[in-house]
Amino acid sequence: MRSFFCSFIFLLISITQTPEGVALKVENRLRSLKSLQANFEQFFYSTSVSSPLEEKGKLFMKKPDLMKWKYEDPEEKIFLYKNRILLSYFPEDNQLIRNRLTKKEGESEILALLSGRKGLLDNYSVEFSPFPTEKTNALHLKLTPKIEQDYSLILLEINEKTWLIQKAIFFDWAGNKQEFHFKRIKINSYLAENIFEIKIPPGVEIIEN
């Protein structure tokens, strides 16, 4: 019965929406944002390991090019992208790794999607592709890159009320899968400059790459 109901809802949505129309609304919404913060859960499913790697933390993003992933569980670590420099801090290893990136290297897929910098219709073939979810008001898009990239396809779960991405699933060519689930999303709230800093204690080894 539930399966029939979900199919009926999807049919109803498909009549009133088109994949291209949904993608355009998402794209416009993301491009209009000045900042975003959210709690996230990240799952990595490897073809060589039976159990997925699960991590949790907080995400902070501020345009044009500030993004901080603060992992809190099971291991504390921070990835900060700022001014084309990627800082990776691992407290347990007492190390901070600094990588200076080219513009292309710094344009990660998830950053490009969340910032709206990468046009969905320009870069992907878009279609509806429903998958199981506990969320209401959710639309699902399948993105297939028009030009070969690191990922063979991407699935997005969109909140139909806010037009924000609440789930992104990446499939690579080797069969691995990486999921990002976003909760408690706040947009255009004030983010102080010191949020995009890393406070490291004395004695931390700094590695330049």
Side-chain angles (χ1 to χ4, degrees), residues 30-31 33-118 149-151 154 156-157 164-209:
L30 294 176
R31 285 180 174 173
L33 299 183
K34 295 181 179 179
S35 68
L36 180 147
Q37 62 183 100
N39 293 350
F40 73 86
E41 292 179 279
Q42 183 177 339
F43 303 86
F44 180 73
Y45 298 83
S46 172
T47 56
S48 60
V49 181
S50 57
S51 300
L53 171 64
E54 179 180 354
E55 299 179 288
K56 299 178 181 180
K58 292 182 173 62
L59 165 67
F60 304 90
M61 185 185 75
K62 186 176 182 180
K63 290 184 178 180
D65 60 356
L66 294 174
M67 179 174 277
K68 181 178 183 180
W69 296 82
K70 184 179 180 182
Y71 289 78
E72 299 172 340
D73 183 58
E75 176 188 351
E76 291 187 15
K77 55 186 177 181
I78 297 173
F79 296 98
L80 173 63
Y81 177 71
K82 181 178 182 180
N83 298 326
R84 296 191 188 176
I85 294 176
L86 176 64
L87 299 176
S88 307
Y89 177 46
F90 305 96
E92 290 190 8
D93 298 330
N94 203 36
Q95 286 184 341
L96 182 140
I97 302 173
R98 190 197 315 267
N99 290 279
R100 185 173 294 277
L101 307 178
T102 65
K103 183 178 181 179
K104 184 176 180 180
E105 290 171 334
E107 194 74 1
S108 69
E109 200 74 25
I110 190 67
L111 172 59
L113 287 175
L114 292 177
S115 65
R117 192 175 297 172
K118 193 168 188 177
Q149 300 178 11
D150 293 338
Y151 299 100
I154 302 169
L156 298 181
E157 181 173 275
L164 296 174
I165 298 171
Q166 55 192 24
K167 185 182 296 184
I169 307 174
F170 298 84
F171 296 84
D172 67 22
W173 296 98
N176 302 308
K177 180 175 71 168
Q178 187 165 214
E179 297 188 11
F180 296 88
H181 300 197
F182 301 103
K183 302 177 180 178
R184 298 184 180 179
I185 301 173
K186 298 180 181 179
I187 60 172
N188 296 334
S189 57
Y190 173 72
L191 296 179
E193 291 299 321
N194 61 10
I195 288 178
F196 300 97
E197 303 289 344
I198 299 180
K199 295 181 180 180
I200 59 173
V204 170
E205 180 185 10
I206 299 177
I207 302 173
E208 299 278 355
N209 285 338

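Treat the numbers as computed from the prediction; the structure is a model and nothing was measured.
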Nearest 0.5 Å, what's the [atom1]-[atom2] distance between [X] and [Y]?
X    : Y    : atom1 : atom2 : answer
L66  : L80  : CG    : CG    : 7.5 Å
Y190 : K34  : OH    : NZ    : 14.0 Å
Q42  : Q178 : CD    : CD    : 4.5 Å
I195 : K62  : CD1   : NZ    : 8.5 Å
L86  : N83  : CG    : CG    : 12.5 Å
S35  : I187 : OG    : CD1   : 8.5 Å

- Item | Geometric class of the F196/F60 ring pair [parallel <30°, tilted 30-60°, perpendicular >60°] |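 F60 vs F196 ring planes: perpendicular.
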- Message: Students often mix this up, so state it plainly: with edges at 30° and 60°, are the rings of F182 and W69 parallel, tilted or perpendicular?
- Response: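 Tilted.
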Heavy-atom check, side chain of [X] versus side chain of [Y], under 4.5 Å:
X    : Y    : answer
E54  : E41  : yes
I78  : K68  : yes
Y89  : Y71  : no
E205 : I207 : yes
F90  : I97  : yes
I185 : L36  : yes
E55  : P74  : yes

- Query: Step by step, would you call E208 with R100 a salt bridge (charged side-chain N to carboxylate O under 4.0 Å, His left out)?
  - Reply: CA-CA 9 Å; E208 299 278 355; R100 185 173 294 277; over 6 Å; no
- Item | Stepwise side chain to side chain contact (heavy atoms under 4.5 Å, CB included) check, L59 with L114 | CA-CA 11 Å; L59 165 67; L114 292 177; 3.8 Å; yes
- Task: Please say whether more than 12 non-hydrogen atoms of neighbouring residues, nucleotides or ligands are located less than 6.0 Å from NZ in K70.
- Result: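 Incorrect, the count does not exceed 12.
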Indicate the atoms forming the closest heavy-atom contact of [X] with [Y], along with that distance.
X    : Y    : result
L30  : L164 : CD2-CD2, 4.0 Å
W173 : Q149 : NE1-O, 2.7 Å
E76  : E72  : CG-O, 4.1 Å
R98  : I206 : NH2-CG2, 3.9 Å
N176 : D172 : N-OD1, 2.8 Å
T47  : A174 : CG2-O, 3.6 Å

- E197 bridged to K82 by N-O distance under 4.0 Å: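 Salt bridge present between E197 and K82.
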- Please test E92 against K77 for salt bridge (charged side-chain N to carboxylate O under 4.0 Å, His left out), starting from the C-alpha separation and ending with a verdict. CA-CA 8 Å; E92 290 190 8; K77 55 186 177 181; over 6 Å; no
- Task: List the steps, then state whether ring-ring contact (aromatic ring centres under 6.0 Å, His included) holds for F44 with F180.
- Result: CA-CA 9 Å; F44 180 73; F180 296 88; over 10 Å; no
- N94 side chain vs G203 backbone, donor-acceptor pair below 3.5 Å: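 Between the backbone of G203 and the side chain of N94 there is a qualifying donor-acceptor contact (under 3.5 Å).
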- Query: By ring-ring contact (aromatic ring centres under 6.0 Å, His included), which residues pair with F43, not counting sequence neighbours?
  - Reply: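 F43 satisfies ring-ring contact (aromatic ring centres under 6.0 Å, His included) with H181 once adjacent residues are dropped.
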